[in-house]
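Okay, so here's the structure we're looking at.
Protein chains get the first letters and strands the later ones, always in sequence-line order, with residue 1 at the start of each.
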2 protein chains.
Amino acid sequence: MQEFVNLDALDLRLLAALQEDGRLTNQQAGERIGLSPSQCSRRRLALEAAGLIRGYHAELAAEPLGLKLLVFVQVTLATHSRDNAQRFRELVGRLEEVQEAYAMTGDADYLLKAVVPDLKDLAALVNDVLLPHESVARVRSSIVLERLKESHRLPLKALRRGG
Amino acid sequence: MQEFVNLDALDLRLLAALQEDGRLTNQQAGERIGLSPSQCSRRRLALEAAGLIRGYHAELAAEPLGLKLLVFVQVTLATHSRDNAQRFRELVGRLEEVQEAYAMTGDADYLLKAVVPDLKDLAALVNDVLLPHESVARVRSSIVLERLKESHRLPLKALRRGG
DNA sequence: GTCTCTTCGCATGCTCCTTGCGCCACCGGT
DNA sequence: ACCGGTGGCGCAAGGAGCATGCGAAGAGAC
């Protein structure tokens, strides 16, 4: 794993191609960015070794799987002691419904993004898990009505060279 | 593409394995869930054809790429006319920094999740792009201080059979 | 000009994917 | 109890893809 990465245009295009389609063949990726399959393989291995590619994942369809609700939950801690923060951290780590959890600026301390089958499960999550937890003081949940855009792609075009 | 999907335990385990590692070999996946590579391949193709797997993506590392800021932006529209909503939809669709955009319950109309290199770019996004846009009335952004959890895996264990 | 370092494409041995095939376990009807 | 149908399974083989050794070509230092 090299310490300082310097990416050229080909690397960026390869990263873009792979975050678009993670199962691209070196051959296909090579055609797309203008490189031979072998060189494509080498560059991809280098990008993985450099830690720029953190993994490959299948993106599943939530709706047909019966996970119909996407919810953002703002959480305020009871106290801001180190212990409390640690307990809360462990809690969200354990909860499978919580896809993402961030410490934020603004009103609430934390923002959670959770996926649940329906309102009943949301109620259970909030009332039976989050609120009773010793570390939590207040909870405010907002339900997603419509998904306008949902991509996990990083804006690579915004990068100045040598990022 | 079959209309009604009925998943058994093997399908669910395969989905779980693939959202964990999207580049799993049919052989590797088979070992993990207890199935032969050929059957694994068949089930995977079926899941893809059924639309339960929406794609495979490389997960890139934002930080070393110079994308140091993750931001949530709450947006309130000027008017709630259909035209305005459509204009806003086109705007967020165009913006590469905006990874996700949702219409929400709660105070604000929309919640955006955006990735930018630094505060300068955030200011540019808010002040030069969002706020001047005709459809937008108010904008409130919250910066992510720390990422406690960041996985895009759906909670498959929460599913009742036959989802 | 020459030397060196890097990056490239080609060739190749090895792994992996997919699909045809036959087998078996289960099920409903008689 | 029997039996034909159905669906899911593993095996095998042909074709595709991956990674790496190798030589060639270009950039930069002096």
Nucleotide [N], atom [atom2] - distance to [atom1] of [X] in whole Å:
| X | N | atom1 | atom2 | answer |
| --- | --- | --- | --- | --- |
| A:Leu24 | D:dA16 | CG | C1' | 15 Å |
| A:Leu18 | D:dC18 | CG | C1' | 14 Å |
| B:Arg44 | D:dG8 | CZ | C1' | 18 Å |
| A:Arg23 | C:dC16 | CZ | C1' | 11 Å |
| A:Glu31 | D:dA16 | CD | P | 14 Å |
| B:Gln27 | C:dC14 | CD | P | 16 Å |
| B:Asp21 | C:dC16 | CG | P | 14 Å |
| B:Leu35 | C:dC16 | CG | C1' | 16 Å |

- B:Leu154 and A:Tyr56: same hydrophobic cluster, using ILVMFWY side-chain contacts below 4.5 Å? yes
Nearest-neighbour nucleotide for the [X] side chain, [options] considered:
| X | options | value |
| --- | --- | --- |
| B:Thr25 | D:dC9, D:dC18, C:dC17 | C:dC17 |
| A:Asn26 | D:dC18, C:dT19, C:dC8 | D:dC18 |
| A:Ser38 | C:dG9, C:dC8, C:dT18 | C:dG9 |
| B:Arg43 | D:dC9, D:dC18, C:dT7 | D:dC9 |
| B:Gln39 | C:dC16, C:dT19, D:dG10 | D:dG10 |

| Upstream residue (5' side of DNA chain C) when A:Ser36 and B:Ser41 are each assigned their closest nucleotide |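 Result: A:Ser36.
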In this structure, CZ of B:Phe88 is separated from CG of B:Leu130 (nearest 0.5 Å) by 6.5 Å
Report task. Look at the side chain of B:Arg42 and the base of D:dG10, then say whether one donor and one acceptor between them are separated by less than 3.5 Å. Result ->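 It does, because a donor-acceptor pair links the side chain of B:Arg42 to the base of D:dG10 below 3.5 Å.
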Please confirm whether A:His152 and B:His152 have ring centers closer than 6.0 angstrom.
yes
(Q) Looking at A:Arg23, I want to see if its CZ is surrounded by more than 12 non-hydrogen atoms of other residues, nucleotides or ligands under 6.0 Å. (A)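 Yes, enclosed.
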Parallel, tilted or perpendicular, as decided by the 30° and 60° cut-offs, for the rings of B:Tyr102 and A:Phe72: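 Rings of A:Phe72 and B:Tyr102: tilted, 30 to 60°.
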